[in-house]
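Beneath this line is the structure, given in C-alpha coordinates, with notes to follow.
These values consider heavy atoms only, across backbone and side chains, with no hydrogens, waters or symmetry-generated copies. Just so it is clear, the model here is predicted, and its values are computed rather than measured.
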Amino acid sequence: MIEFLSLKDVNAAHAVELKAACARVIDSGWYIQGKELEQFETDFAAACGSKYCFGVANGLDALTLTLRAWKILGKLSVGDEVIVPANTYIASVLAITENGLTPILVEPDESLNISPALIKAAIGPKTKAIIPVHLYGQLADMPAIMNIAKDHGLLVLEDSAQSHGASFDGKKAGSWGDAAGFSFYPGKNLGALGDAGAITTNDDELAQVVKVLRNYGSHEKYKNIYQGVNSRLDEIQAAMLTVKLKYLSEDIKSRRKIAELYMRGIKNDLIRLPLDMGVSPLTLESHVWHLFVVRSDKRDALQKHLAASGVQTLIHYPIPPHKQQAYKDWNSLSFPITEKIHDQVLSLPIGPTMSVEDAATVISACNSFNGNG
(Lines give C-alpha, C1' and ligand atoms only; values in the text may rest on other atoms or scores of the structure.)
Protein backbone atom coordinates (compact mmCIF):
# COMPACT_ATOMS: atom_id res chain seq x y z
CA MET A 1 0.00 0.00 0.00
CA ILE A 2 1.30 3.45 -0.91
CA GLU A 3 0.55 5.53 2.16
CA PHE A 4 -1.03 8.93 1.75
CA LEU A 5 1.77 10.38 3.89
CA SER A 6 4.15 8.48 6.17
CA LEU A 7 4.91 10.76 9.11
CA LYS A 8 7.26 8.10 10.44
CA ASP A 9 9.35 8.30 7.26
CA VAL A 10 9.21 12.10 7.20
CA ASN A 11 10.61 12.37 10.72
CA ALA A 12 12.99 9.42 10.37
CA ALA A 13 14.93 11.48 7.83
CA HIS A 14 15.87 13.88 10.65
CA ALA A 15 15.75 11.45 13.58
CA VAL A 16 19.28 12.09 14.86
CA GLU A 17 18.80 15.86 14.94
CA LEU A 18 15.29 15.62 16.38
CA LYS A 19 16.41 13.35 19.21
CA ALA A 20 19.35 15.63 19.93
CA ALA A 21 16.98 18.62 20.07
CA CYS A 22 14.72 16.81 22.54
CA ALA A 23 17.68 15.80 24.68
CA ARG A 24 18.92 19.40 24.68
CA VAL A 25 15.57 20.62 25.99
CA ILE A 26 15.34 17.86 28.61
CA ASP A 27 18.83 18.59 29.86
CA SER A 28 18.19 22.36 29.97
CA GLY A 29 15.51 22.06 32.67
CA TRP A 30 13.53 24.85 30.95
CA TYR A 31 10.39 23.70 29.10
CA ILE A 32 8.11 26.71 28.48
CA GLN A 33 8.93 30.07 26.85
CA GLY A 34 12.68 29.64 26.76
CA LYS A 35 15.55 29.89 24.32
CA GLU A 36 14.22 27.20 21.96
CA LEU A 37 10.99 29.11 21.38
CA GLU A 38 12.89 32.34 20.92
CA GLN A 39 15.16 30.70 18.33
CA PHE A 40 12.30 29.19 16.36
CA GLU A 41 10.32 32.43 16.39
CA THR A 42 13.36 34.30 15.08
CA ASP A 43 14.04 31.70 12.37
CA PHE A 44 10.44 31.35 11.24
CA ALA A 45 9.86 35.11 11.12
CA ALA A 46 12.93 35.39 8.88
CA ALA A 47 11.71 32.50 6.69
CA CYS A 48 8.35 34.25 6.20
CA GLY A 49 9.81 37.73 5.76
CA SER A 50 7.93 38.98 8.81
CA LYS A 51 9.12 41.18 11.65
CA TYR A 52 7.47 39.08 14.35
CA CYS A 53 6.54 35.46 15.01
CA PHE A 54 4.78 34.18 18.13
CA GLY A 55 4.46 30.46 18.76
CA VAL A 56 1.07 29.32 20.01
CA ALA A 57 -0.58 25.99 20.77
CA ASN A 58 -2.12 25.36 17.33
CA GLY A 59 -3.27 26.94 14.09
CA LEU A 60 -6.83 27.61 15.29
CA ASP A 61 -5.48 29.57 18.26
CA ALA A 62 -3.28 31.56 15.88
CA LEU A 63 -6.34 32.79 13.99
CA THR A 64 -8.57 33.19 17.06
CA LEU A 65 -6.04 35.16 19.09
CA THR A 66 -5.25 37.51 16.21
CA LEU A 67 -8.91 38.41 15.77
CA ARG A 68 -9.24 38.79 19.55
CA ALA A 69 -6.24 41.11 19.64
CA TRP A 70 -7.80 43.31 16.96
CA LYS A 71 -10.92 43.54 19.11
CA ILE A 72 -8.80 44.66 22.08
CA LEU A 73 -7.13 47.24 19.85
CA GLY A 74 -10.54 48.54 18.76
CA LYS A 75 -10.13 47.47 15.16
CA LEU A 76 -12.95 44.89 15.34
CA SER A 77 -16.18 44.78 17.32
CA VAL A 78 -18.77 42.08 18.03
CA GLY A 79 -21.03 41.72 14.99
CA ASP A 80 -18.47 42.92 12.45
CA GLU A 81 -18.28 40.86 9.27
CA VAL A 82 -15.26 38.84 8.18
CA ILE A 83 -15.08 37.48 4.63
CA VAL A 84 -13.84 33.87 4.48
CA PRO A 85 -13.86 31.10 1.83
CA ALA A 86 -16.96 28.90 1.81
CA ASN A 87 -14.85 25.84 0.93
CA THR A 88 -12.29 26.14 3.72
CA TYR A 89 -11.66 23.81 6.65
CA ILE A 90 -13.97 24.69 9.54
CA ALA A 91 -11.15 26.16 11.68
CA SER A 92 -11.10 29.32 9.56
CA VAL A 93 -14.76 29.89 10.45
CA LEU A 94 -14.50 28.80 14.09
CA ALA A 95 -11.97 31.56 14.77
CA ILE A 96 -14.48 34.14 13.53
CA THR A 97 -17.53 32.95 15.46
CA GLU A 98 -15.48 32.39 18.63
CA ASN A 99 -14.86 36.14 18.64
CA GLY A 100 -18.50 37.09 18.16
CA LEU A 101 -17.84 38.15 14.59
CA THR A 102 -19.98 37.26 11.57
CA PRO A 103 -18.52 35.05 8.81
CA ILE A 104 -19.43 36.02 5.27
CA LEU A 105 -18.85 32.91 3.15
CA VAL A 106 -17.53 33.51 -0.35
CA GLU A 107 -17.16 30.99 -3.16
CA PRO A 108 -13.82 30.07 -4.76
CA ASP A 109 -12.72 30.54 -8.35
CA GLU A 110 -11.17 27.85 -10.54
CA SER A 111 -8.01 27.77 -8.40
CA LEU A 112 -10.23 26.54 -5.53
CA ASN A 113 -9.01 29.58 -3.57
CA ILE A 114 -11.35 32.45 -2.67
CA SER A 115 -12.41 34.57 -5.64
CA PRO A 116 -11.19 38.20 -5.48
CA ALA A 117 -14.13 39.27 -7.64
CA LEU A 118 -16.61 37.68 -5.24
CA ILE A 119 -14.80 39.19 -2.24
CA LYS A 120 -15.41 42.59 -3.77
CA ALA A 121 -19.08 41.81 -4.31
CA ALA A 122 -19.50 40.62 -0.71
CA ILE A 123 -18.19 43.78 0.97
CA GLY A 124 -20.84 45.63 2.94
CA PRO A 125 -20.99 48.37 5.59
CA LYS A 126 -20.15 45.92 8.40
CA THR A 127 -17.23 44.24 6.61
CA LYS A 128 -14.00 44.79 8.52
CA ALA A 129 -11.67 41.94 7.57
CA ILE A 130 -10.81 39.20 5.07
CA ILE A 131 -9.37 35.78 5.88
CA PRO A 132 -7.92 34.40 2.63
CA VAL A 133 -6.98 30.72 2.94
CA HIS A 134 -4.01 29.40 0.98
CA LEU A 135 -5.82 26.14 0.35
CA TYR A 136 -3.89 22.93 -0.35
CA GLY A 137 -0.61 24.89 -0.29
CA GLN A 138 -1.44 27.34 -3.08
CA LEU A 139 -1.15 31.05 -2.33
CA ALA A 140 -4.44 32.88 -2.77
CA ASP A 141 -4.37 35.79 -5.22
CA MET A 142 -2.85 38.09 -2.62
CA PRO A 143 -1.95 40.99 -4.94
CA ALA A 144 -5.63 41.32 -5.89
CA ILE A 145 -6.87 40.71 -2.34
CA MET A 146 -4.51 43.26 -0.82
CA ASN A 147 -5.60 45.87 -3.37
CA ILE A 148 -9.24 45.25 -2.44
CA ALA A 149 -8.41 45.47 1.27
CA LYS A 150 -6.53 48.74 0.77
CA ASP A 151 -9.35 50.27 -1.25
CA HIS A 152 -11.93 49.40 1.44
CA GLY A 153 -9.83 49.77 4.60
CA LEU A 154 -10.07 46.09 5.55
CA LEU A 155 -7.79 44.00 7.75
CA VAL A 156 -6.29 40.87 6.17
CA LEU A 157 -5.52 37.75 8.21
CA GLU A 158 -3.89 35.05 6.09
CA ASP A 159 -4.82 31.49 6.98
CA SER A 160 -1.43 30.04 6.10
CA ALA A 161 -1.96 26.68 7.77
CA GLN A 162 -1.16 24.77 4.56
CA SER A 163 1.22 27.12 2.80
CA HIS A 164 4.58 27.28 4.60
CA GLY A 165 7.12 28.52 2.05
CA ALA A 166 4.69 29.51 -0.71
CA SER A 167 5.55 32.82 -2.35
CA PHE A 168 4.82 35.21 -5.17
CA ASP A 169 7.27 37.77 -6.49
CA GLY A 170 9.61 36.97 -3.60
CA LYS A 171 6.97 37.64 -0.93
CA LYS A 172 6.14 34.66 1.29
CA ALA A 173 2.87 33.42 2.72
CA GLY A 174 2.56 34.98 6.14
CA SER A 175 3.92 38.37 5.12
CA TRP A 176 1.20 39.64 2.77
CA GLY A 177 -1.56 40.53 5.20
CA ASP A 178 -1.73 42.44 8.46
CA ALA A 179 -1.11 39.11 10.17
CA ALA A 180 -1.12 35.38 9.46
CA GLY A 181 -1.91 32.19 11.31
CA PHE A 182 0.14 29.03 10.76
CA SER A 183 -0.43 25.45 11.84
CA PHE A 184 2.41 23.00 12.47
CA TYR A 185 0.12 19.98 12.83
CA PRO A 186 2.28 16.87 12.13
CA GLY A 187 0.98 16.40 8.59
CA LYS A 188 1.75 19.96 7.44
CA ASN A 189 4.68 20.76 5.16
CA LEU A 190 6.41 22.05 8.30
CA GLY A 191 5.04 19.73 10.94
CA ALA A 192 5.75 19.38 14.64
CA LEU A 193 5.48 16.09 16.48
CA GLY A 194 2.31 17.26 18.15
CA ASP A 195 0.07 20.30 17.98
CA ALA A 196 1.70 23.68 17.36
CA GLY A 197 1.02 26.97 15.61
CA ALA A 198 2.28 30.51 15.12
CA ILE A 199 1.21 34.07 14.38
CA THR A 200 3.32 36.27 12.09
CA THR A 201 2.95 40.02 11.66
CA ASN A 202 4.81 43.24 10.93
CA ASP A 203 2.49 45.25 13.16
CA ASP A 204 4.23 46.40 16.37
CA GLU A 205 0.98 47.09 18.22
CA LEU A 206 -0.62 43.78 17.31
CA ALA A 207 2.58 41.94 18.21
CA GLN A 208 2.57 43.25 21.76
CA VAL A 209 -1.05 42.20 22.31
CA VAL A 210 -0.84 38.65 20.92
CA LYS A 211 2.40 38.02 22.81
CA VAL A 212 0.57 38.78 26.06
CA LEU A 213 -2.75 37.14 25.14
CA ARG A 214 -1.14 33.71 24.56
CA ASN A 215 0.28 33.77 28.12
CA TYR A 216 -2.83 34.29 30.25
CA GLY A 217 -2.86 37.97 29.30
CA SER A 218 0.26 38.41 31.39
CA HIS A 219 3.02 40.83 30.38
CA GLU A 220 4.80 40.36 33.70
CA LYS A 221 4.63 37.37 36.04
CA TYR A 222 1.44 37.44 38.13
CA LYS A 223 0.29 40.67 36.47
CA ASN A 224 -2.44 40.33 33.85
CA ILE A 225 -3.48 43.20 31.61
CA TYR A 226 -5.88 41.14 29.46
CA GLN A 227 -8.18 38.17 29.99
CA GLY A 228 -5.88 35.88 28.05
CA VAL A 229 -5.49 32.17 27.41
CA ASN A 230 -2.84 29.50 27.80
CA SER A 231 -1.67 28.96 24.23
CA ARG A 232 2.09 28.56 24.23
CA LEU A 233 4.34 26.64 21.86
CA ASP A 234 6.45 24.49 24.19
CA GLU A 235 10.22 24.19 24.09
CA ILE A 236 10.39 20.64 22.73
CA GLN A 237 8.09 21.36 19.79
CA ALA A 238 9.92 24.63 19.10
CA ALA A 239 13.28 22.82 19.10
CA MET A 240 12.02 20.17 16.68
CA LEU A 241 10.48 22.76 14.39
CA THR A 242 13.80 24.61 14.28
CA VAL A 243 15.40 21.38 13.03
CA LYS A 244 12.74 20.74 10.42
CA LEU A 245 12.60 24.33 9.20
CA LYS A 246 16.13 23.91 7.81
CA TYR A 247 14.81 21.28 5.39
CA LEU A 248 11.56 22.96 4.36
CA SER A 249 12.88 24.27 1.03
CA GLU A 250 14.20 20.85 0.01
CA ASP A 251 10.95 19.20 1.09
CA ILE A 252 9.01 21.63 -1.06
CA LYS A 253 11.21 20.78 -4.04
CA SER A 254 10.44 17.09 -3.48
CA ARG A 255 6.72 17.78 -3.34
CA ARG A 256 6.89 19.85 -6.53
CA LYS A 257 8.72 17.02 -8.27
CA ILE A 258 5.92 14.57 -7.43
CA ALA A 259 3.29 17.13 -8.42
CA GLU A 260 4.99 17.67 -11.78
CA LEU A 261 5.03 13.92 -12.41
CA TYR A 262 1.31 13.76 -11.65
CA MET A 263 0.52 16.74 -13.84
CA ARG A 264 2.40 15.26 -16.79
CA GLY A 265 1.50 11.63 -16.27
CA ILE A 266 -2.18 11.48 -15.29
CA LYS A 267 -4.21 11.45 -18.47
CA ASN A 268 -7.78 10.43 -17.79
CA ASP A 269 -10.85 12.38 -18.87
CA LEU A 270 -12.62 11.25 -15.68
CA ILE A 271 -10.01 12.98 -13.50
CA ARG A 272 -9.56 16.74 -13.42
CA LEU A 273 -6.10 17.88 -12.38
CA PRO A 274 -5.43 20.97 -10.22
CA LEU A 275 -4.33 24.18 -11.85
CA ASP A 276 -0.56 23.99 -11.69
CA MET A 277 0.03 27.69 -12.19
CA GLY A 278 -2.68 29.08 -9.93
CA VAL A 279 -4.60 32.15 -10.96
CA SER A 280 -2.85 34.75 -13.13
CA PRO A 281 -0.53 36.42 -12.29
CA LEU A 282 0.54 33.84 -9.71
CA THR A 283 3.29 31.38 -10.62
CA LEU A 284 4.43 27.88 -9.75
CA GLU A 285 6.34 29.29 -6.77
CA SER A 286 2.98 30.13 -5.23
CA HIS A 287 2.18 26.42 -4.74
CA VAL A 288 3.99 24.21 -2.22
CA TRP A 289 1.71 21.20 -2.76
CA HIS A 290 0.68 20.48 0.79
CA LEU A 291 -2.00 18.44 -0.96
CA PHE A 292 -2.39 17.27 -4.54
CA VAL A 293 -6.14 17.44 -5.05
CA VAL A 294 -7.89 16.07 -8.13
CA ARG A 295 -11.59 16.28 -8.92
CA SER A 296 -13.93 13.67 -10.35
CA ASP A 297 -17.68 13.35 -10.78
CA LYS A 298 -17.08 9.71 -9.83
CA ARG A 299 -14.96 10.52 -6.76
CA ASP A 300 -16.16 7.64 -4.57
CA ALA A 301 -15.62 5.09 -7.32
CA LEU A 302 -12.17 6.56 -8.01
CA GLN A 303 -11.22 6.30 -4.36
CA LYS A 304 -12.31 2.64 -4.28
CA HIS A 305 -10.40 1.91 -7.47
CA LEU A 306 -7.22 3.48 -6.11
CA ALA A 307 -7.56 1.61 -2.82
CA ALA A 308 -7.91 -1.65 -4.74
CA SER A 309 -4.76 -0.66 -6.63
CA GLY A 310 -2.85 -0.17 -3.38
CA VAL A 311 -3.07 3.62 -3.23
CA GLN A 312 -4.31 5.38 -0.09
CA THR A 313 -6.21 8.63 -0.63
CA LEU A 314 -8.04 11.13 1.58
CA ILE A 315 -10.83 13.66 1.06
CA HIS A 316 -10.08 17.30 1.97
CA TYR A 317 -12.89 18.01 2.83
CA PRO A 318 -16.08 15.95 2.54
CA ILE A 319 -18.41 18.46 4.26
CA PRO A 320 -18.19 22.26 3.89
CA PRO A 321 -18.63 24.45 7.00
CA HIS A 322 -22.13 25.61 6.09
CA LYS A 323 -23.34 21.99 6.01
CA GLN A 324 -21.87 21.06 9.40
CA GLN A 325 -24.12 20.43 12.40
CA ALA A 326 -22.02 22.95 14.34
CA TYR A 327 -23.49 25.65 12.08
CA LYS A 328 -26.94 24.13 11.63
CA ASP A 329 -28.52 27.56 11.11
CA TRP A 330 -26.58 27.73 7.84
CA ASN A 331 -27.53 24.27 6.56
CA SER A 332 -30.13 25.64 4.16
CA LEU A 333 -27.69 28.11 2.58
CA SER A 334 -26.62 27.38 -0.97
CA PHE A 335 -23.03 27.61 -2.20
CA PRO A 336 -23.20 25.45 -5.33
CA ILE A 337 -19.54 25.73 -6.36
CA THR A 338 -18.35 24.83 -2.87
CA GLU A 339 -20.82 21.97 -2.57
CA LYS A 340 -19.78 20.54 -5.94
CA ILE A 341 -16.10 20.78 -4.98
CA HIS A 342 -16.66 18.93 -1.73
CA ASP A 343 -18.43 16.15 -3.64
CA GLN A 344 -15.61 15.85 -6.18
CA VAL A 345 -12.25 16.37 -4.47
CA LEU A 346 -9.79 13.59 -3.73
CA SER A 347 -6.24 14.01 -2.41
CA LEU A 348 -3.55 11.77 -3.90
CA PRO A 349 -0.44 10.72 -1.93
CA ILE A 350 2.30 13.34 -1.87
CA GLY A 351 5.15 14.06 0.48
CA PRO A 352 8.88 14.77 0.76
CA THR A 353 9.84 11.10 1.08
CA MET A 354 7.65 9.78 -1.73
CA SER A 355 9.60 8.00 -4.48
CA VAL A 356 9.33 8.42 -8.23
CA GLU A 357 8.38 4.74 -8.40
CA ASP A 358 5.49 5.24 -6.01
CA ALA A 359 4.33 8.23 -8.06
CA ALA A 360 4.41 6.05 -11.18
CA THR A 361 2.18 3.51 -9.44
CA VAL A 362 -0.32 6.24 -8.51
CA ILE A 363 -0.29 7.57 -12.08
CA SER A 364 -0.87 4.11 -13.52
CA ALA A 365 -3.75 3.48 -11.13
CA CYS A 366 -5.36 6.82 -12.03
CA ASN A 367 -5.00 6.19 -15.75
CA SER A 368 -6.60 2.75 -15.48
CA PHE A 369 -9.76 4.14 -13.84
CA ASN A 370 -12.74 3.61 -16.10
CA GLY A 371 -15.50 4.97 -13.89
CA ASN A 372 -16.09 1.84 -11.88
CA GLY A 373 -14.90 1.32 -8.29
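- Side-chain heavy atoms closer than 4.5 Å link hydrophobic residues (I, L, V, M, F, W, Y) into clusters, and following such links, possibly through other members, connects Ile2 to Leu7.
- In terms of hydrophobic clustering, with Ile, Leu, Val, Met, Phe, Trp and Tyr side chains grouped at heavy-atom distances under 4.5 Å, Leu60 and Tyr185 are assigned to different clusters.
- Under the 3.5 Å distance criterion, the side-chain polar atoms of Glu158 are matched with a main-chain donor or acceptor of Gly174.
- In this structure, the side chains of Leu270 and Leu302 stay at 4.5 Å or more apart for every pair of heavy atoms.
- Put simply, the side chain of Val293 does not reach to within 4.5 Å of the side chain of Leu135, judged on heavy atoms.
- One finds the CD1 atom of Ile148 at 5.5 Å from the CD1 atom of Ile119 (value rounded to the nearest 0.5 Å).
- Shown here for Pro352 and Leu5, the closest heavy-atom pair between the two residues is CD-CD1, 4.4 Å.
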- Task: Using the side chain to side chain contact (heavy atoms under 4.5 Å, CB included) rule, take Thr64 and Val229 through it: C-alpha gap first, then chi angles, then the decisive distance, then the call.
- Result: CA-CA 11 Å; Thr64 304; Val229 299; over 6 Å; no
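- The heavy-atom pair separating Leu101 from Ser77 by the smallest distance is CD2-O, 3.2 Å.
- Using a 4.5 Å cut-off on side-chain heavy atoms (C-beta onward), Leu18 and Lys244 make contact.
- With hydrogens and angles disregarded, no donor-acceptor distance shorter than 3.5 Å links the side chain of Tyr52 to the backbone of Ala45.
- Between Pro108 and Ile337 there is a side-chain heavy-atom pair separated by less than 4.5 Å.
- Shown here is Lys246, whose NZ atom has more than 12 heavy atoms of other residues, nucleotides or ligands within 6.0 Å.
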- Query: side chain to side chain contact (heavy atoms under 4.5 Å, CB included) between Lys188 and Leu190: does it pass, once the steps are laid out?
  - Reply: CA-CA 5 Å; Lys188 303 299 186 186; Leu190 178 60; 5.7 Å; no
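- In terms of heavy atoms, His290 sits closest to Ile350 at O-CG2, 3.9 Å.
- In the hydrophobic clustering of this structure, Met240 does not group with Leu233; members are Ile, Leu, Val, Met, Phe, Trp, Tyr whose side-chain heavy atoms approach within less than 4.5 Å, directly or through other members.
- In terms of heavy-atom proximity, Met146 sits nearest to Trp176 at CE-O, 3.3 Å.
- Residue-environment remark: NZ (Lys71) exceeds the threshold of 12 foreign heavy atoms within 6.0 Å.
- In this structure, the separation between CG on Asp43 and SG on Cys48 is 11.0 Å, given to the nearest 0.5 Å.
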- What's the verdict on salt bridge (charged side-chain N to carboxylate O under 4.0 Å, His left out) for Glu250 and Lys253, showing C-alpha distance, side-chain angles and the deciding distance? CA-CA 5 Å; Glu250 286 303 313; Lys253 288 180 183 177; 3.4 Å; yes
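- Salt-bridge annotation for Arg68 and Glu98: absent, with no side-chain N of the basic residue lying under 4.0 Å from a carboxylate O of the acidic one.
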- Task: Using the salt bridge (charged side-chain N to carboxylate O under 4.0 Å, His left out) rule, take Lys51 and Asp204 through it: C-alpha gap first, then chi angles, then the decisive distance, then the call.
- Result: CA-CA 9 Å; Lys51 187 174 181 180; Asp204 297 340; 2.8 Å; yes
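- In this structure, the side chain of Ser364 does not engage the main chain of Thr361 through any donor-acceptor pair within 3.5 Å.
- Atom CZ of Arg299 and atom NE2 of His342 lie 10.0 Å apart (nearest 0.5 Å).
- In this structure a side-chain-to-backbone donor-acceptor pair under 3.5 Å is missing from Gln312 to Glu3.
- Side-chain contact between Ile341 and Arg295 is present, with heavy atoms from C-beta onward closer than 4.5 Å.
- Once rounded to the nearest 0.5 Å, the distance linking CG of Leu139 with NZ of Lys172 reads 11.0 Å.
- Trp30 places a side-chain N or O within donor-acceptor distance of the main-chain N or O of Ile32, the cut-off being under 3.5 Å.
- Placement of Leu241 and Val243 in two distinct hydrophobic clusters is found when ILVMFWY residues are connected by side-chain heavy-atom separations under 4.5 Å, directly or transitively.
- Proximity of Val82 to Ile104: side-chain heavy atoms (C-beta onward) are nowhere separated by under 4.5 Å.
- Closest of all the heavy-atom pairs between Ile266 and Ile271 is CG2-CG2, 4.3 Å.
- Neither side chain, Gln208 nor His219, offers a donor N or O lying under 3.5 Å from an acceptor on the other.
- Using cut-offs of 30° and 60° for the angle between ring planes, the Phe44 and Phe182 rings count as perpendicular.
- Lys128 places no side-chain N or O within 3.5 Å of a backbone atom of Pro125 that could act as its donor or acceptor partner.
- Aromatic ring orientation, Tyr262 versus Phe292: perpendicular (interplanar angle above 60°, classes split at 30° and 60°).
- What you find for Val294 and Pro274 is that their closest heavy atoms are CG1-CD, 4.3 Å.
- Under the 4.0 Å criterion applied to side-chain N and carboxylate O atoms, Lys35 and Glu38 are not assigned as salt-bridge partners.
- Without hydrogens or angle criteria, Asn11 side chain to Leu193 main chain gives no donor-acceptor distance under 3.5 Å.
- At most 12 non-hydrogen atoms from other residues, nucleotides or ligands lie less than 6.0 angstrom from NZ of Lys257.
- The CG atom of Asn58 sits 5.5 Å away from the OG atom of Ser231 when rounded to the nearest 0.5 Å.
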- Task: For Phe184 and His164, run side chain to side chain contact (heavy atoms under 4.5 Å, CB included): C-alpha distance rounded to whole Å, both residues' side-chain angles, the deciding distance at 0.1 Å, then the answer.
- Result: CA-CA 9 Å; Phe184 305 118; His164 319 71; 3.7 Å; yes
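- With no hydrogens or angles considered, no side-chain donor-acceptor pair links Glu107 and Asn87 at under 3.5 Å.
- Ring-plane geometry between Tyr89 and Tyr317 is classed as tilted, the angle between the planes lying from 30 to 60 degrees on a 0 to 90 degree scale.
- Residues Asp61 and Arg214 are not paired through a salt bridge, judged by the lack of any N-O separation under 4.0 Å between the basic side chain and the carboxylate.
- A 6.0 Å sphere centred on CZ of Arg24 holds more than 12 heavy atoms belonging to other residues, nucleotides or ligands.
- Here the side chains of Ile72 and Leu213 are in contact, with some heavy-atom distance below 4.5 Å.
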- Item | Worked verdict on Leu348 versus Cys366 for side chain to side chain contact (heavy atoms under 4.5 Å, CB included) | CA-CA 10 Å; Leu348 302 183; Cys366 286; 4.0 Å; yes
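- Note on Ile96: it clusters hydrophobically with Leu333, by side-chain heavy-atom contacts below 4.5 Å among ILVMFWY residues.
- Side-chain atoms of Asn113 come within 3.5 Å of backbone atoms of Gln138 as a donor-acceptor pair (strictly under, hydrogens ignored).
- Side-chain atoms of Asn189 never come within 3.5 Å of backbone atoms of Ile252 as a donor-acceptor pair (strictly under, hydrogens ignored).
- By the 4.0 Å N-to-carboxylate-O rule, Glu285 lies close enough to Arg256 to be salt-bridged with it.
- Between the Ser6 side chain and the Asp9 main chain, a donor and an acceptor come within less than 3.5 Å of each other.
- The structure places OG1 of Thr242 at 9.5 Å from CD of Glu235, a figure rounded to the nearest 0.5 Å.
- Taking the side chain as every heavy atom from C-beta outward, Leu306 and Leu346 approach each other to under 4.5 Å.
- Counting heavy atoms of neighbouring residues, nucleotides and ligands inside a 6.0 Å radius, atom NZ of Lys171 exceeds 12 of them.
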